[in-house]
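Below, chain A is the first sequence line, B the second, and so on; all start at residue 1. Worth knowing before you read on, the calculation uses all heavy atoms, side chains too, and leaves out hydrogens, waters and symmetry mates.
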Amino acid sequence: MKITYNDESHATDMIETGGTLDVDLYSYFYGLVRQIPRGMVSTYGDLARALGDIAASRACGYMLSINPDPEGTPCYKVVRSDGTVGKYTHILGEIEKIRRLERDGVTVEGDSVNNFEQIRFKDFETDFPLNALRNEQERVRSMVDLTDDFDASRVAAVDVSYDDEYGYGAMAIDDGGNIEIRESVQEVRFPYIPGYLAFREFKFIKDLAGNFDGVLLIDGNGLLHPRKIGLASYAGVMLNIPTIGVAKSLLLGTVSDNWVHMGEEKVAYVINKNTIVSPGHKVSLGSSVDLVKKLSHGKYPDILKVAHNNTVRLRHEKQKLMS
DNA sequence: GCGACAG
DNA sequence: ATCTTGTCGC
Ligand SMILES: [Mg+2]
């Protein structure tokens with residue numbers, strides 16, 4: 001895996017420097033797909049495991065769907081875990097996928113591959129890049145501090161929308177009635193994987209909120225995360241700013257009396273079915289709930305909506321420019 | 001067979 | 001997240 005920092009500093013200096021982990025998972029994944037020998041197949045799940053986490057299975061399907069080089073990177077060799085052929089982006093659809101498989105000597109009966117288990121390639125050469133990213137999350141999690149240390153006189157929100165190549169980030173800063181918009185458009189080489197959102201979106205937050213000093217609302221979770229280090233907490237630690245996660249759906253956990261629990265621990269609060277609050281960094285769970293309740297009037301907070309609308313506007317402007 | 005797993 | 005090639009467990 002190619003892990004690059006945006007400076008020469010040691011990892012533990014990343015808080016001071018704002019250094020960013022920038023993993024090109026697309027290229028790594030296409031490299032795995034190219035390892036599948038002629039006459040063999042793999043599955044979305046096996047490729048996800050070769051990346052380091054079965055949670056990436058759907059992301060594998062997504063990355064194949066945007067495969068820029070169908071001749072060099074044989075996405076037709078990737079089938080479903082039950083042996084059925086699955087989808088293929090082509091005028092002929094899965095007919096073309098079957099044609100390419102049979103050209104390799106893989107026979108298909110009905111919509112399933114024959115001798116599936118025998119031709120299922122599993123010997124990927126990989127160093128499981130997602131394992132390293134989980135380690136990075138553990139490292140940052142140890143620096144999360146949910147003690148109140150914020151100034152709520154300035155509140156801002158960030159969000160990002162996407163096309164297949166770029167992310168369109170926007171930050172809305174409420175400076176007491178006046179709203180300032182900042183924008184950041186960047187290439188994206190990391191897919192959405194549940195539990196790994198930070199490795200797709202953090203670079204936008206870093207670019208937009210690098211020297212912000214109020215409370216930052218982030219579209220996603222903080223403490224409410226499989227490893228207790230969602231995007232909002234990750235960004236808060238990396239940028240050393242107070243953050244709160246506001247998600248539009250529940251990632252995990254059990255809800256009772258509007259409180260979200262992971263095991264015995266209270267990790268988030270459900271304001272409504274589209275507004276789930278969890279602390280990010282430098283803000284306690286209770287203060288996060290109080291502040292977002294005050295901003296939201298029981299609905300999804302306006303400032304987040306403004307940020308989101310601007311990401312959509314940006315994307316449409318860019319796409320209009322391209323056409 | 002249906003729902004889940006931020007975006 | 002967008003017009004979206006999954007997989008697992010209940
Ligand atoms: Mg978003």
Student: Mind checking if Y196(A) touches a base, just sugar-phosphate, or nothing, with heavy atoms under 4.0 Å?
Tutor: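 Counting heavy atoms under 4.0 Å across all strands, the contact made by Y196(A) includes a base.
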
Student: Can you run down the side-chain hydrogen bond (donor to acceptor under 3.5 Å, both in side chains) pairs that involve residues 176-199 of chain A, sequence neighbours left out, and say none if there aren't any?
Tutor: D24(A)-R189(A), S27(A)-R189(A), D53(A)-Y196(A), R134(A)-Y196(A), E180(A)-R182(A), E183(A)-R313(A), S184(A)-Q186(A), S184(A)-D207(A)

Student: State plainly whether the residues R154(A) and D175(A) are in salt-bridge range, i.e. N to O under 4.0 Å.
Tutor: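 Yes.
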
Student: So does R49(A) pair up with D46(A), basic N to acidic O under 4.0 Å?
Tutor: yes

Student: State whether S81(A) places a side-chain N or O below 4.0 Å from either non-bridging phosphate oxygen (OP1 or OP2) of dC8(C).
Tutor: yes

Student: Would you list the protein and nucleotides 2-4 of chain B atom pairs, both N or O, that sit under 3.5 Å from each other?
Tutor:
none

Student: Base, sugar-phosphate or nothing for G86(A)? Non-hydrogen atoms, less than 4.0 Å.
Tutor: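 No contact at all - G86(A) keeps every heavy atom at 4.0 Å or more from the nucleic acid.
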
Student: Is the phosphate of dC8(C), meaning OP1 or OP2, less than 4.0 Å from a side-chain N or O of S57(A)?
Tutor: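 No, no such contact exists.
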
Student: So does R100(A) get a side-chain nitrogen or oxygen closer than 4.0 Å to the phosphate oxygens (OP1/OP2) of dT5(C)?
Tutor: no

Student: Using a heavy-atom cut-off of under 4.0 Å over every strand shown, decide if D219(A) touches base, sugar-phosphate, or nothing.
Tutor: sugar-phosphate

Student: Looking for any heavy atom pair under 4.0 Å, which part of the strands does Y62(A) touch: base, sugar-phosphate only, or nothing?
Tutor: nothing

Student: Could you label the plane-to-plane angle of the F199(A) and F190(A) rings as parallel, tilted or perpendicular, counting under 30° as parallel and over 60° as perpendicular?
Tutor: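 Tilted.
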
Student: So if I take every side-chain heavy atom of K87(A) and compare against dT7(C), dT5(C), dA1(C), which nucleotide ends up nearest?
Tutor: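 Nearest to the side-chain atoms of K87(A), counting from C-beta on, is dT5(C).
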
Student: OH of Y162(A) versus P of dG7(B): gap in Å, rounded?
Tutor: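 Rounded to whole Å, this separation is 11 Å.
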
Student: Mark yes or no for a side-chain to base donor-acceptor pair under 3.5 Å between Y88(A) and dT5(C), with no hydrogen or angle criteria applied.
Tutor: no

Student: Dot-bracket for DNA chain B, please. Rules: Watson-Crick or G-U, both distances under 3.5 Å, ( ) within the strand, [ ] when a pair crosses earlier ones, | for another strand, . otherwise.
Tutor: ||||...

Student: Picking from dG7(B), dC8(C), dT5(C), which would you name as closest to the side chain of K97(A)?
Tutor: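 From the listed options, dT5(C) comes nearest.
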
Student: Among dA1(C), dA6(B), dC8(C), find the nucleotide with the atom closest to the side chain of Y192(A).
Tutor: dA6(B)

Student: Do the charged groups of K97(A) and E94(A) touch, with an N to O distance under 4.0 Å?
Tutor: no

Student: Look at R200(A) and dG7(B) and indicate whether a side-chain polar atom (N or O) is within less than 4.0 Å of OP1 or OP2.
Tutor: no

Student: Does E136(A) come within less than 4.0 Å of R227(A), counting only side-chain N to carboxylate O?
Tutor: no

Student: Under 4.0 Å, heavy atoms only, any strand: does C60(A) hit a base, just the sugar-phosphate, or nothing?
Tutor: nothing

Student: Using a heavy-atom cut-off of under 4.0 Å over every strand shown, decide if D159(A) touches base, sugar-phosphate, or nothing.
Tutor: sugar-phosphate

Student: What contact category does S249(A) fall into here, base, sugar-phosphate, or nothing, at under 4.0 angstrom with non-hydrogen atoms?
Tutor: sugar-phosphate

Student: Heavy atoms only, 4.0 Å cut-off, all strands: where does A55(A) land among base, sugar-phosphate and nothing?
Tutor: nothing

Student: Name the nucleic acid region contacted by G195(A), choosing base, sugar-phosphate or nothing; use a 4.0 angstrom heavy-atom cut-off, strictly under.
Tutor: base

Student: Between dA6(B), dG6(C), dA1(C), spot the one nearest the side chain of L231(A), thanks.
Tutor: dA6(B)

